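I have placed the structure first, in the form of structure tokens, so that the comments after it can refer back to it.
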Amino acid sequence: QVQLVESGGGLVQPGESLSLSCSASGILFAINNVGWYRQAPGKQRELVASISSDWHTNYADSVKGRFTISRDNHKNTVYLHMDNLTPEDTAAYYCNVRPGSMLGSEVKYDYWGQGTQVTVSS
């Protein structure tokens with residue numbers, strides 16, 4: 001069974017930092033694409049950051065320069081470090097895993113974790 005578990009969320013004040021972790025079992029991050037998504041009440045789900053199996057990273061414009069996605073293959077964990085948080089960063093953050101391109105188009109899956117809540121408030 002594939003399981004993704006996000007952790008690290010919490011309540012922080014504006015300007016503070018927070019690090020999220022996505023730990024996986026039953027799937028290998030090293031050969032997959034991993035993304036962090038977030039969804040706030042009344043807003044669309046958005047891709048915050050992603051890292052591909054070949055280490056290519058992408059970031060939403062709203063978080064560029066503030067957030068960093070990274071992967072530790074040995075620990076099979078993907079991280080999202082968030083600096084200079086603002087209230088608009090408040091959302092439930094979800095880890096998502098999809099096949100890396102090297103796995104071929106015949107491989108189909110789309111796994112999600114349960115989410116971890118980040119609340120930025122003074």
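What you see is a predicted model, and the numbers here were worked out from it, not measured in a lab.
I69 and V118 fall within the same hydrophobic cluster, where Ile, Leu, Val, Met, Phe, Trp and Tyr residues are linked whenever their side-chain heavy atoms come under 4.5 Å apart, directly or through other members. Linking Ile, Leu, Val, Met, Phe, Trp and Tyr residues whenever their side-chain heavy atoms come within less than 4.5 Å places V63 and V78 in a single cluster. Residues Y79 and F67 do not share a hydrophobic cluster, clusters being chains of Ile/Leu/Val/Met/Phe/Trp/Tyr side chains in contact below 4.5 Å.
Around the CD atom of E106, the shell of radius 6.0 Å holds more than 12 heavy atoms that belong to other residues, nucleotides or ligands.
Contact of the E16 side chain with the L85 side chain is not registered, since no non-hydrogen atoms from C-beta on lie closer than 4.5 Å. Counting only heavy atoms from C-beta outward, the side chains of Y109 and V2 never approach each other to under 4.5 Å. Side chains of E88 and V120 form no contact here, defined as non-hydrogen atoms less than 4.5 Å apart.
In this structure, N33 contributes its side chain and S53 its backbone to a donor-acceptor pair below 3.5 Å.
The distance from the CG atom of N73 to the CH2 atom of W55 is 4.0 Å, given to the nearest 0.5 Å. T116 OG1 to L80 CG: the interatomic distance, rounded to the nearest 0.5 Å, is 11.0 Å.
In this structure S17 satisfies the side-chain hydrogen bond (donor to acceptor under 3.5 Å, both in side chains) test together with D83, sequence neighbours excluded. Legend: residues meeting side-chain hydrogen bond (donor to acceptor under 3.5 Å, both in side chains) with N58, ordered by chain and number and at least two apart, are H56.
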List the atom pairs, donor and acceptor, that lie under 3.5 Å between side-chain atoms in residues 40-51 and the rest of the protein, sequence neighbours left out.
unit_1	atom_1	unit_2	atom_2	d
E46	OE2	R38	NE	2.6
E46	OE2	R38	NH2	3.0

Quiz: residues 19-28 side-chain donor-acceptor pairs under 3.5 angstrom, not counting sequence neighbours:
unit_1	atom_1	unit_2	atom_2	d
S19	OG	H81	ND1	2.6
S23	OG	T77	OG1	3.4

Can you give me every donor-acceptor pair (side chain of residues 4-13, partner residue at least two apart or in another chain, under 3.5 Å) with its distance?
unit_1	atom_1	unit_2	atom_2	d
E6	OE1	Q114	N	2.9
E6	OE1	Q114	NE2	3.4
E6	OE1	G115	N	2.8
E6	OE2	C95	N	2.6
E6	OE2	G115	N	3.4

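The list of salt bridge (Lys or Arg N to Asp or Glu O under 4.0 Å) pairs with a residue in residues 55-66, not counting sequence neighbours, reads D61-K64, R66-D89.
Across all non-hydrogen atoms, the minimal contact from V97 to V34 is CG2-CG2, 4.2 Å.
Ring orientation note: the planes of W112 and Y94 are nearly perpendicular, at an angle over 60° on the 30°/60° scale.
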